[in-house]
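In what follows, a single structure is set out as structure tokens and then discussed.
Heavy-atom basis, side chains included; hydrogens, waters and symmetry copies ignored.
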Amino acid sequence: MNLDQLTPGKPAVSGKTATGSMLRIRAVMLGDRINPSALEIGTLVSSTPVAFRIHAGLVVIFRYGVVVLIGLSPSEENALIETLKSRVIGEFNSYEEESAQAQLCNDQGADVILPGGRICLSKFTDDRLLLIADTLAKSTALERDERRVAAVFDVIEPFARELAERGRTPRGRTSILQLIGNALLVQQRVAGRVAIAEKPDALWDKPELERLYSRLKDDYELKERLEMLERKLSAISGTANALTDIMDTRRSLRLEWVIVLLIAMEVAIECFQIITAAH
């Protein structure tokens with residue numbers, strides 16, 4: 001299947017989808033970034049984030065590397081992912097994925113999260129689906145960053161154990177600097193590109209959807225996960241800085257001993273010359 005088969009169609013937000021009152025939502029993190037500039041794959045629904053209506057569903061593209069596919073068949077999803085690969089910067093070998101389901105509620109005045117995580121909506125509107133896409137995309141990006149930070153902790157643990165048991169720091173200063181670099185990369189991504197703490201643009205035009213977004217944010221624990229990630233990043237940075245400080249202190253101490261030794265040798269040579277000259 002190619003992209004030519006994904007022709008723009010009527011909104012999938014009316015509830016008249018292939019599965020009736022149910023929508024499948026899938027977020028896939030393809031790489032470090034996605035460039036959606038001048039992309040034309042359907043009817044433009046939103047510019048921030050870039051979203052298109054294709055066939056019977058929506059495609060929402062986030063510049064920090066995540067695409068959210070709503071109401072599409074697996075073959076349509078695969079075709080879109082293949083199309084977007086040429087626009088991915090820093091493509092991952094294995095994609096991070098997260099999925100959800102949305103359904104129409106019996107209560108037309110409420111948008112709620114059901115036990116088990118299923119999202120119950122009063123209407124399948126573009127704004128509501130964009131909020132879900134934003135939440136799911138942020139959760140997917142957080143999941144990858146959490147894995148990266150956990151990997152950094154796995155590297156730090158042997159260093160800390162050696163320091164605790166033997167009172168020695170690892171010899172490889174480069175490894176410590178790499179830890180700091182990894183922590184900085186995750187921190188820059190979370191604070192800069194993904195901007196998890198910021199509200200979606202859809203809320204500025206539709207403040208009545210604030211309650212739905214709050215429920216989504218609470219259900220996916222975005223705030224708590226972000227705070228935990230920031231604490232871990234701070235711990236990594238503090239540990240790495242402490243290790244480099246200890247290593248710098250020991251290096252300075254060795255240099256001081258070398259200087260003292262050289263001075264002692266110079267004094268000894270001068271004394272020897274004086275003694276030799278006296279005789």
Side-chain angles (χ1 to χ4, degrees), residues 29-35 63-66 88-96 138-198 221-279:
M29 191 167 194
L30 303 178
D32 289 326
R33 301 198 71 173
I34 299 178
N35 180 15
R63 292 182 181 273
Y64 52 82
V66 180
V88 176
I89 301 170
E91 184 179 359
F92 299 147
N93 293 327
S94 59
Y95 300 152
E96 195 75 45
K138 288 176 178 177
S139 179
T140 306
L142 264 177
E143 180 68 24
R144 181 170 182 84
D145 289 333
E146 287 166 347
R147 291 179 188 273
R148 291 182 64 182
V149 169
V152 173
F153 266 98
D154 290 340
V155 176
I156 282 182
E157 185 179 358
F159 293 167
R161 184 181 297 111
E162 185 175 357
L163 183 61
E165 294 177 354
R166 303 182 182 180
R168 295 186 303 184
T169 56
R171 296 180 179 180
R173 182 182 174 87
T174 302
S175 300
I176 305 299
L177 294 177
Q178 287 176 338
L179 289 179
I180 297 176
N182 284 329
L184 289 175
L185 281 174
V186 175
Q187 200 166 30
Q188 182 268 342
R189 179 180 179 83
V190 171
R193 294 184 191 174
V194 184
I196 292 172
E198 295 183 8
E221 300 179 332
L222 295 184
K223 181 180 178 182
E224 293 79 3
R225 291 166 66 190
L226 177 59
E227 291 175 349
M228 178 62 70
L229 187 61
E230 289 176 341
R231 285 196 294 270
K232 289 182 177 180
L233 288 171
S234 178
I236 291 172
S237 179
T239 303
N241 288 332
L243 290 172
T244 53
D245 287 344
I246 293 172
M247 294 170 69
D248 287 341
T249 300
R250 291 190 172 181
R251 179 176 296 181
S252 298
L253 185 60
R254 286 196 299 269
L255 288 174
E256 289 175 1
W257 276 109
V258 169
I259 292 171
V260 170
L261 181 60
L262 289 173
I263 292 173
M265 290 176 62
E266 185 177 354
V267 170
I269 292 171
E270 289 183 358
C271 290
F272 177 76
Q273 290 175 346
I274 292 173
I275 296 171
T276 303
H279 288 80

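Taken from OG1 in Thr140 to CG in Leu30, the straight-line distance is 10.5 Å, to the nearest 0.5 Å. To the nearest 0.5 Å, atom CD of residue Glu143 and atom CZ of residue Arg147 are 4.5 Å apart. Here Leu226 contributes atom CG and Arg231 contributes atom CZ; the two are 10.0 Å apart, rounded to the nearest 0.5 Å. Atoms OH and CG, from Tyr64 and Asp32 in turn, are 13.5 Å apart once rounded to the nearest 0.5 Å.
Closest non-hydrogen pair, Glu198 versus Lys138, comes out as O-NZ, 2.7 Å.
For the pair Arg63/Asn35, a side-chain contact is recorded, criterion being any heavy-atom separation below 4.5 Å from C-beta on.
The only member of Arg225, Glu224, Lys232 that meets side-chain contact (heavy atoms from CB on, under 4.5 Å) when paired with Met228 is Lys232.
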